[in-house]
Novice: 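Mind having a look at this structure? Questions to follow.
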Number of protein chains: 2
Amino acid sequence: MSPRPISQGLAATLGLRQMIIDGELVAGDRLSELALVQRLGVSRTPLRLSLAQLEHEGLLESLPAGGFAVRAFSIQQVADAIDLRGVLEGSAARLAALRHGGLPDLAELVGLAAQIDRLLLPDRAGVDDFGLYVELNERFHNELFRLACSDPLSDAYQRALALPFAAPSAFIAVQTDLSGSWYETVALAQQQHRELLEAIELRDGARAELVAREHASLARSNLDDALRAEHALDKLPGGTLIRLGGDAAEAAGVG
Amino acid sequence: MSPRPISQGLAATLGLRQMIIDGELVAGDRLSELALVQRLGVSRTPLRLSLAQLEHEGLLESLPAGGFAVRAFSIQQVADAIDLRGVLEGSAARLAALRHGGLPDLAELVGLAAQIDRLLLPDRAGVDDFGLYVELNERFHNELFRLACSDPLSDAYQRALALPFAAPSAFIAVQTDLSGSWYETVALAQQQHRELLEAIELRDGARAELVAREHASLARSNLDDALRAEHALDKLPGGTLIRLGGDAAEAAGVG
DNA sequence: TCAGCTTAGGTTGCATGCAACCTCCGGTCA
DNA sequence: TGACCGGAGGTTGCATGCAACCTAAGCTGA
């Protein structure tokens, strides 16, 4: 998917984003450009461009004195980010119901739902399908926005997904770790997918919006489950960005 | 507004954004860094940072061959951007209804509505209050998001407002030009403000959301009015970014 | 006349040097 | 003992030079 050779700036952005998501960079820490230059093997000019981009994505925050720090998120912000995704997906579902071009236009969405169904057949329940489900699920959600035909809405969605814990499949790994199996969580989510599909087919925009919001609220309850367990957030993408409790200085890595 | 001395990068961003909104740069035109360097009086390094920022804001698009061009928007995209604002404001209204901390917390919102009311008294109807209304209206809308207490939602709203024609007061100037007076448009909008306020006071989140969406749809109908008139879009902030007519391929360039 | 090649010009992306700034530590004085 | 001050080190923000790239014009040949 990269027609051009990977530029230095793109390499810096990808590497930096991965370092943040993987927790290599601790939330609250100030970033040193020179250290990152050595770590990423790029010059300061493209690196600074990448830093600015990640600030726009919301993963970094610029400091008043200059430079950047890894952003820390409160539980409330994580929950609100998931809610925002639900609002955007709800709006996409409503528009998809109103704007889709008939059954042929829905073929891709139907096909994705069918593929997920097959993953959930009893004889196919294996951990090998984990990554496949994540991919199919994200493609399902993206297809929703393609059907909505609203570029501003799609842009807002992409920006909301820049926070890794707000992604549609962010909590699958957590739930798998908590309950030992991802079947129950996914089965419920898939049932909502089917309801969503039905509402869109029937051009019932209001119901499609409601179902999509309910679908996202499933992630919120998964978040609550994870908070009741110890260290469950470690399995969450970008979980190290979440600052538990009140003390911000603690999360800033004083020790 | 600027506690620190204006940095070169900030000066470039502000100047560039103004040039785009004022129509000095025509939609679709490729930008020459060297020409902008001379025009803005900054070096290429901060200028390139500003170009990247305006791309993130959605005013520019990066070209496959390198460099940037002023983005062109179709009517559909403008309408969808307004719809998106309605969705975000609706969500803010719903959250504000659920989360506000009682009447003292609503004092600012109530006060702004009262100030707008005074602007609409018969003896005060003068063109001098035009700019004041725009300011009060934007503060009213911003206050909605403060009451919602959702940082991700506020971020999404700010990003949506980066498109100048999506701003809450974008069409006031257009309506004034079309009907000769801004009283009718503003009076209807203010009535919706009052309904919104009432729903929030009563913690009726669902109604608050509906009213807020209806409020934004007023801007959409204003857009329709403007499209029926000739050159009415010239009065719209960033109106030169809108590509009228058939040429959809030009405006379709969206990442 | 038109397609294809060549070359010159201009542009972007990147690397690096420099000056101003902030931070932090040690010393000094009340 | 505690607060204030000064300097050294490190960092950021900015300016500019260089090489690769894209674009476009002009020439050649069929």
Side-chain angles (χ1 to χ4, degrees), chain A residues 1-17 19-20 24-57 59-71 248-249 252-255, chain B residues 1-17 19-20 24-26 28-56 59-71 249-250 253 255:
Chain A
M1 286 312 199
S2 57
R4 286 181 291 168
I6 294 183
S7 68
Q8 299 287 75
L10 186 56
T13 302
L14 294 177
L16 203 49
R17 191 186 289 137
M19 288 174 73
I20 295 173
E24 255 180 273
L25 300 171
V26 182
D29 263 1
R30 182 176 185 179
L31 299 181
S32 163
E33 291 183 4
L34 271 63
L36 291 174
V37 158
Q38 284 197 331
R39 174 74 174 75
L40 294 169
V42 302
S43 180
R44 281 184 60 215
T45 302
L47 175 69
R48 299 188 87 248
L49 233 68
S50 296
L51 289 170
Q53 164 147 4
L54 290 188
E55 184 202 2
H56 298 143
E57 291 183 5
L59 295 177
L60 300 180
E61 59 186 351
S62 72
L63 301 175
F68 297 88
V70 180
R71 194 165 157 195
V254 178
Chain B
M1 298 289 277
S2 59
R4 287 181 291 167
I6 293 182
S7 67
Q8 298 287 73
L10 186 56
T13 302
L14 295 177
L16 204 47
R17 191 186 290 136
M19 287 173 72
I20 294 172
E24 253 179 275
L25 300 172
V26 181
D29 265 0
R30 183 176 184 178
L31 299 181
S32 163
E33 292 183 3
L34 269 62
L36 290 174
V37 158
Q38 283 198 334
R39 174 74 174 75
L40 294 168
V42 301
S43 181
R44 281 185 58 214
T45 302
L47 174 69
R48 298 188 87 246
L49 233 68
S50 296
L51 289 171
Q53 165 146 4
L54 290 188
E55 183 201 3
H56 299 321
L59 295 177
L60 300 180
E61 59 186 351
S62 72
L63 301 176
F68 298 88
V70 180
R71 194 164 156 193
E250 195 101 26

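The figures here come from the full heavy-atom set of this structure, side chains too, leaving out hydrogens, waters and symmetry mates. Order of the sequence lines fixes the chain letters, A, B, ..., with proteins taken first and strands second; residue numbering starts at 1 for each chain.
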Novice: Please state how far atom CG in Leu49(B) lies from atom P in dT16(D), giving the value in whole angstrom units.
Specialist: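 Between P of dT16(D) and CG of Leu49(B): 17 Å.
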Novice: Return the nearest nucleotide to the side chain of Pro46(B); candidates are dC14(D), dT23(C), dA15(C).
Specialist: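 Nearest to the side-chain atoms of Pro46(B), counting from C-beta on, is dC14(D).
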Novice: Rounded off to whole Å, could you give me the CG-to-C1' distance for the Leu47(A) and dT16(C) pair?
Specialist: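 Spelled out: CG on Leu47(A) to C1' on dT16(C) is 14 Å.
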Novice: Quick one, Leu34(B) and Arg44(B) - any side-chain contact, counting heavy atoms below 4.5 Å?
Specialist: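 Leu34(B) reaches Arg44(B) side chain to side chain.
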Novice: Does Thr45(B) make a side-chain donor-acceptor contact with the base of dT16(D), cut-off 3.5 Å?
Specialist: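 It does, because a donor-acceptor pair links the side chain of Thr45(B) to the base of dT16(D) below 3.5 Å.
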Novice: Considering only side-chain heavy atoms of Ser43(A), which listed nucleotide, dC22(C), dG13(D), dA15(C), is closest?
Specialist: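 Given the options dC22(C), dG13(D), dA15(C), the side chain of Ser43(A) is closest to dA15(C).
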Novice: Taking only the side-chain heavy atoms of Gln8(B) (C-beta and beyond), determine which of dC14(D), dG13(C), dT12(D) contains the nearest atom.
Specialist: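 The answer is dC14(D).
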Novice: dG13(D) P sits how many Å from Leu63(A) CG, rounded?
Specialist: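 In whole Å, dG13(D) P lies 9 Å from Leu63(A) CG.
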Novice: Minimum heavy-atom separation for Arg30(B) to Gly66(B), with atom names?
Specialist: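 In terms of heavy atoms, the two residues are closest at NH2-O, 3.1 Å.
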Novice: Could you work out which one of dC14(C), dT11(C), dC22(D) sits closest to the side chain of Ala65(B)?
Specialist: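 Nucleotide nearest to Ala65(B)'s side chain: dC22(D).
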Novice: Using whole Å, what does the distance between atom C1' of nucleotide dA15(D) and atom CD of Gln38(B) come to?
Specialist: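 For the pair Gln38(B) CD and dA15(D) C1', the rounded distance is 15 Å.
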Novice: Indicate yes or no: at least one non-hydrogen side-chain atom of Met19(A) is less than 4.5 angstrom from one of Leu40(A).
Specialist: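 In contact.
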Novice: Given side chain to side chain contact (heavy atoms under 4.5 Å, CB included), test Val26(B) with Val70(B) step by step and report yes or no.
Specialist: CA-CA 7 Å; Val26(B) 181; Val70(B) 180; over 6 Å; no
Novice: Hey, is the main chain of Ser50(B) close enough, under 3.5 Å, to the side chain of Thr13(B) for a donor-acceptor pair?
Specialist: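 It does not hold such a pair.
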Novice: Nearest of dT11(C), dC14(C), dT12(D) to any side-chain atom of Ser7(A)?
Specialist: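 That would be dC14(C).
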Novice: Considering every strand and a 4.0 Å limit on heavy-atom distances, what is the contact class for Leu31(A): base, sugar-phosphate, or nothing?
Specialist: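 Sugar-phosphate, no base atom in range.
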Novice: Tell me whether the side-chain N/O atoms of Arg44(B) come closer than 4.0 Å to OP1 or OP2 in dA15(D).
Specialist: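 The answer is no; no side-chain N or O of Arg44(B) sits under 4.0 Å from OP1 or OP2.
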Novice: Just checking Leu51(A): base, sugar-phosphate only, or nothing, at a heavy-atom cut-off of under 4.0 Å?
Specialist: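 The residue Leu51(A) makes no contact with any strand.
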Novice: Calculate the interatomic distance between Leu40(A) atom CG and dC14(C) atom P; express it in whole Å.
Specialist: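 My rounded result for the distance is 14 Å.
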Novice: Tell me: CZ of Arg48(A) to C1' of dT12(D), nearest whole Å?
Specialist: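 To the nearest whole Å, that distance equals 6 Å.
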Novice: Does Arg30(A) or Leu34(B) map to a spot on DNA chain C nearer the 5' end, using the closest nucleotide for each?
Specialist: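 Mapping each residue to its closest nucleotide by heavy atoms, the 5'-most match is Leu34(B).
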